[in-house]
2 protein chains.
Amino acid sequence: MVHFANYSEENYLKALYKLELRQVKKITNSAVAKALDLNPATVLEMMRKMEQKKLVELLPDKSIKLTEKGSKKALRTIRRHRLWEVFLVKKLGFTWNEVHDLAEQLEHIDSDELVNRLDEYLGFPPFDPHGDPIPDKLGKIKKQVAVPLTSCQQGPTYQVQHFAETSDAFLQYLGQVQIAPGSKIKIVGINAYDQSYSLQLGRRSVQVSEKAAANILVQPADH
Amino acid sequence: MVHFANYSEENYLKALYKLELRQVKKITNSAVAKALDLNPATVLEMMRKMEQKKLVELLPDKSIKLTEKGSKKALRTIRRHRLWEVFLVKKLGFTWNEVHDLAEQLEHIDSDELVNRLDEYLGFPPFDPHGDPIPDKLGKIKKQVAVPLTSCQQGPTYQVQHFAETSDAFLQYLGQVQIAPGSKIKIVGINAYDQSYSLQLGRRSVQVSEKAAANILVQPADH
DNA sequence: GAACTTTATTTGGCACACCAAATAAAATTT
DNA sequence: AAATTTTATTTGGTGTGCCAAATAAAGTTC
């Protein structure tokens, strides 16, 4: 075979897209290297190849920007990833925190026909099981308005939209404290000593660290 | 990433398995090279690696044999391939001759959990859309008793089981003449000039070359 | 069995995606 | 602004999977 589609390239594109989303001010080779757990030299090399392909621009201040073409390609991969996640959860009965690694593989399957049919088969779901929006066929994606729990007030009820981290450890953790997309949360208090959060979920009461709270993204619940 | 599961290895294993099935007397590096469209030198190199991994035995007469371990692994890949084909046809509405290349990609997705759930979701299908048997979780596979149309008589009705070739061109061809797994066929006659076959399919009458007939595998139809 | 032909193996090379260590450039501190 | 620290880039190297061309071995023909 020796061609393996654009496995690596797609991963770079996704990483760049996510960094841009996270509004990292200056996306450098090292930042990408950290995100993908690679050596900066490797990233630099790849960025030059991807510049040639007009997928990224390398700006004079050494920052990296996705081109229109690059963004589109990134969104295509994200679409695939999220649709496969829906499939795994809705059809095969995986739980929402088991599917990330599998989708990471499936997203590289190279066929628009396949992914469009999958979309239709799943009923054109707007969100994946983590609460993230799924780009449509044309790459259109719903803007996420969720904010980290750490920027929220005590009192009102919030609904968990999605998460800012996707590490296994974190997802495992969320499973333990039973926080999932859609969960309704109230902040009961913040511990003055270690900044940990006391949360109310229905009738359950849960403690989470500040670090965890910062990665839980919520929207004000309507009631 | 740079690990790509065992993409190539799985392809070698499949090719070897198929050659053994086809009862090729002496499976040589060149035979495998031809099957996979590779250089014999490449195959030799790979076979040595796979020998170390105890996936194949390199016999003194230079022939290659799958070990128990190798066969098992080949069957795992074949199982995946065929289950994905069923999924693509039954759930996503692809036609049985469109799915091979997609399944070729999907079969390398590395998760037994996934494939077992898929199996269950599809209702443990015993055959894929081409009529080939699907190995179960343990690698058990139904013996195929089908024979090439070229070894059949004029007169009786046969049912198409599967095909000995999977090239796009051939599958396309079958689509044109509307021969699919399950089709009922009677041999009307063999043209003395070019050995081509006149077939009766229901009320349709079809001419196929000897080459094509040799790749159409059938079983006697029960009525 | 010598000559020829076919098949198998070795050799040297390539592209890809990666890394570690060395060097160069930029930013920060003093 | 000089010294130091941090960040970026270059350089040389790796493993995997591949190839073409050269050589060696096996098989065939005369």
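Quantities reported herein were computed from a predicted structural model and do not represent experimental measurements. Throughout, a chain's letter reflects where its sequence line sits, starting with A, and its residues are numbered from 1. Computed from heavy atoms alone, side chains included, the values below leave out hydrogens, waters and symmetry copies.
For the pair A:D37 CG and C:dA17 C1', the computed distance is 14 Å after rounding to whole Å. One atom, OH of A:Y7, and another, P of C:dA17, lie 13 Å apart when rounded to the nearest Å. Distance, B:N11 CG to D:dG17 C1': 12 Å, rounded to whole Å. The separation between B:K53 atom NZ and D:dG15 atom C1' is 12 Å, rounded to whole Å.
One finds the OG1 atom of A:T28 at 10.5 Å from the CE atom of A:M47 (value rounded to the nearest 0.5 Å). Between atom NZ of residue B:K49 and atom CD of residue B:E9 there is a gap of 10.0 Å, rounded to the nearest 0.5 Å.
If you look at A:F87 and B:F87, their ring centroids are closer than 6.0 Å.
Remark: B:T42 is in phosphate contact with D:dC19, judged by side-chain N or O atoms under 4.0 Å from OP1 or OP2. Note on A:Y12: every side-chain N or O is 4.0 Å or more away from OP1 and OP2 of C:dC16.
Distance from the side chain of B:L38 is smallest to D:dC18 among C:dA17, C:dC19, D:dC18.
More than 12 heavy atoms of other shown residues, nucleotides or ligands fall within 6.0 angstrom of atom NZ in A:K69.
Residue contacts shown for B:D61 are absent, as no nucleic acid heavy atom lies under 4.0 Å away.
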>> Counting primed atoms plus P, OP1 and OP2 as sugar-phosphate and everything else as base, spell out the protein contacts along nucleotides 6-12 of chain C at 4.0 Å heavy-atom distance: B, S or - for each nucleotide, 5' to 3'.
In response: --SSB--
> Given the rule in the salt bridge (Lys or Arg N to Asp or Glu O under 4.0 Å) test, do B:E113 and B:R117 qualify, once you have shown the distances and angles that lead to the verdict?
Replying inline: CA-CA 6 Å; B:E113 177 74 12; B:R117 287 197 188 213; 2.8 Å; yes
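For the 3.5 Å distance criterion, the side chains of A:S196 and A:Q207 qualify, holding a donor opposite an acceptor.
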